[in-house]
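Okay, structure first, notes after.
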Amino acid sequence: MKHPLPAQPRHIGVLRLSALGDVCNLVPTVRALQRQWPEARITWIIGKGEHSLLAGLSGVEFVVYDKATGLAGMRALWRELADTRFDVLLHMQQALRASVLSLGLKAEVRVGYDKARAKDAQHWFTHRQLAPHPRAHVLDSFLDFARLLGVEDLSLAWDLPVPEAAFDEARALTGDAPYLLMSPCANPRLRNFRNWSAEGYAAVIQHAWQQHGLPSLLTGGGSTQEREMGERIQSLCEPGSVIDAIGGTSLKGLLALIARARAVIAPDSGPVHMANAMGTPVVGLYATTNPDRAAPYCWREFVVNRYPDAVRTYLHKSLEEISWGQRVRHPDAMSLIHAEDVIERLEAVLDHAAAPHPERELPDDET
């Protein structure tokens with residue numbers, strides 16, 4: 001017999017630890033739950049870095065798990081929540097680490113992905129599974145949890161909190177002049193291969209500088225790879241056309257910079273989804289990951305999509321022959337993206353942003 005789902009949950013647990021882009025894509029589900037049950041308590045178990053991005057999200061209690069603490073950190077979290085029992089736990093992380101963490105949490109019913117979408121045998125750790133939803137975008141997969149619970153209004157809302165101190169941090173880097181924001185490097189995980197070339201970014205920067213007078217702000221972490229990429233891009237560009245902020249911002253500061261940017265250009269990584277959440281126009285660069293699954297949701301039509309070409313060139317298959325969301329793990333795949341492709345999409349997104357859109361709300365400092 002299926003475990004019954006609560007008709008009127010009083011306490012909802014959300015288990016999603018990472019990553020930055022994914023937690024941004026999950027926020028509309030939290031907002032939908034809040035609209036359906038405004039009196040319900042929502043506790044989100046989240047990773048340390050992801051919490052620093054979303055801290056202050058209205059109506060949400062966060063419990064932070066630092067993955068670096070391993071099993072000892074899990075035990076500490078279990079002790080912290082020893083007296084907490086969720087009416088429903090939404091197990092929204094398809095990873096064995098998260099499933100092990102879920103074992104020490106008390107819940108009347110645990111909801112996870114359907115077998116086709118579950119990874120690392122996640123369905124063994126849950127009582128109820130989502131209805132199948134083949135070929136779903138990540139954001140839609142999160143909304144499926146709300147659908148299963150009977151939530152009716154699934155309209156998209158984020159309202160990410162950005163403190164004034166973060167806008168001060170942003171203005172210290174850019175002043176009040178308009179700019180593009182580029183985050184050239186994705187997470188440097190093993191065989192990730194999501195990064196485009198320094199030469200490509202430099203060509204787009206030169207176009208934006210010469211045609212629009214827009215400097216480009218480079219952002220990213222402080223890793224050696226990212227700093228070297230930033231230095232290489234700058235060496236190829238005119239003086240004054242680049243502002244280097246790589247390794248120099250907090251996550252809240254990055255949100256503020258994204259909110260104030262004319263547009264964002266980045267590969268499949270956190271910043272494209274942060275831009276989507278902030279309502280900032282974004283050009284996503286996709287060749288190694290499937291944009292139909294992972295593009296910035298509200299700006300999918302402006303993606304540079306060379307994923308089908310990469311599948312044919314490096315996997316020697318058609319899209320119909322591969323699994324949904326399969327990555328193309330080849331170091332040359334992103335070279336299928338040309339500067340002309342990105343410039344064309346940039347012009348399109350700038351034109352779109354310049355058109356009247358009365359429904360779009362501006363950040364507080366721009367109203």
Side-chain angles (χ1 to χ4, degrees), residues 2 5-9 11-38 40-46 50 53-54 57-60 62 86-95 98 102 107 109-119 122-123 126-160 268 270 272-279 282 284 289-301 303 324-325 359-360:
K2 287 184 177 180
L5 296 169
Q8 189 77 28
H11 196 176
I12 301 169
V14 174
L15 174 55
R16 179 76 200 197
L17 303 175
S18 60
L20 295 176
D22 289 325
V23 298
C24 285
N25 281 323
L26 194 153
V27 170
T29 299
V30 170
R31 296 305 190 201
L33 295 169
Q34 290 173 324
R35 286 192 299 268
Q36 184 84 2
W37 297 295
R41 182 180 171 191
I42 297 178
T43 298
W44 185 340
I45 301 162
I46 193 169
E50 291 74 13
L53 178 68
L54 298 186
L57 193 69
S58 59
V60 177
F62 287 106
F86 301 114
D87 295 316
V88 58
L89 175 66
L90 306 181
H91 186 350
M92 304 170 87
Q93 184 96 35
Q94 300 156 296
S102 75
V109 59
R110 302 162 186 269
V111 177
Y113 289 93
D114 54 288
K115 192 172 182 180
R117 284 183 281 181
K119 298 176 183 177
Q122 191 220 41
H123 57 287
T126 57
H127 302 128
R128 294 285 297 268
Q129 287 79 45
L130 301 179
H133 189 168
R135 307 179 72 82
H137 189 282
V138 169
L139 189 148
D140 286 317
S141 283
F142 290 144
L143 285 175
D144 283 342
F145 285 84
R147 290 187 182 96
L148 183 67
L149 293 179
V151 173
E152 297 169 358
D153 180 2
L154 298 176
S155 55
L156 303 182
W158 279 268
D159 303 316
L160 300 188
D268 178 25
V272 296
H273 302 291
M274 293 161 69
N276 181 70
M278 298 304 292
V282 54
T289 51
N290 183 357
D292 290 337
R293 180 184 178 274
Y297 194 84
C298 299
W299 303 91
R300 285 171 284 180
E301 65 185 287
V303 161
W324 180 244
E359 74 283 357
R360 181 178 172 236

Could you check whether any side-chain N or O of [X] sits under 3.5 Å from a backbone N or O of [Y], counting only pairs where one atom can act as donor and the other as acceptor?
X	Y	result
Gln93	Ser18	yes
Arg117	Pro132	no
Arg31	Leu154	no
Gln8	Trp37	no

Considering all heavy atoms, the nearest [X]-[Y] contact:
X	Y	result
Ala277	Leu160	CB-CD1, 3.7 Å
Ala98	Leu15	O-CD2, 3.5 Å
Ala40	Pro9	CB-O, 3.4 Å
Asp159	Leu57	O-CD1, 4.2 Å
Gly325	Asn290	N-ND2, 4.2 Å
Pro296	Asn276	C-OD1, 3.9 Å

Verify whether one side chain among [X] and [Y] offers a donor that lies under 3.5 Å from an acceptor in the other.
X	Y	result
Asp87	His11	no
Thr29	Arg16	no
Tyr113	Asp144	no

Exercise for review: Decide side-chain contact (heavy atoms from CB on, under 4.5 Å) for Val111 and Leu148; before the verdict, give the C-alpha distance in whole Å, the side-chain angles of both, and the deciding distance to 0.1 Å.
Suggested key: CA-CA 9 Å; Val111 177; Leu148 183 67; 3.5 Å; yes
Considering only heavy atoms from C-beta outward, does the side chain of [X] approach that of [Y] to under 4.5 Å?
X	Y	result
Arg110	Ser102	yes
Val138	Phe142	yes
Glu50	Leu54	no
Ile45	Phe62	no
Gln36	Asp153	no
Phe145	Val14	no
His133	Asp140	yes
Leu143	His137	no

Point to revise | Test side-chain contact (heavy atoms from CB on, under 4.5 Å) applied to Pro28 - qualifying residues, sequence neighbours left out | key: Leu139, Leu156, Trp158
Practice item. List in chain and number order the residues that pass salt bridge (charged side-chain N to carboxylate O under 4.0 Å, His left out) with Arg300, two or more places apart in sequence or in another chain; answer none if no residue qualifies. Key: none
Report the distance from atom [atom1] of [X] to atom [atom2] of [Y], rounding to the nearest 0.5 Å.
X	Y	atom1	atom2	value
Arg293	Asp268	CZ	CG	9.0 Å
Glu152	Arg147	CD	CZ	13.5 Å
Asn25	Ser141	CG	OG	10.0 Å
Leu89	Arg128	CG	CZ	14.5 Å
Leu149	Ile12	CG	CD1	6.5 Å

Exercise for review: Starting from the C-alpha separation in whole Å, work towards a yes-or-no answer on side-chain contact (heavy atoms from CB on, under 4.5 Å) for Leu17 and Ile46.
Suggested key: CA-CA 4 Å; Leu17 303 175; Ile46 193 169; 5.6 Å; no
Check your understanding: When you look at Val23 and His273, which way does the side-chain contact (heavy atoms from CB on, under 4.5 Å) test go after all the steps?
Key -> CA-CA 9 Å; Val23 298; His273 302 291; over 6 Å; no
Exercise for review: Please identify each residue that fulfils ring pair (Phe, Tyr, Trp, His ring centres under 6.0 Å) with His123, with sequence neighbours left out.
Suggested key: none
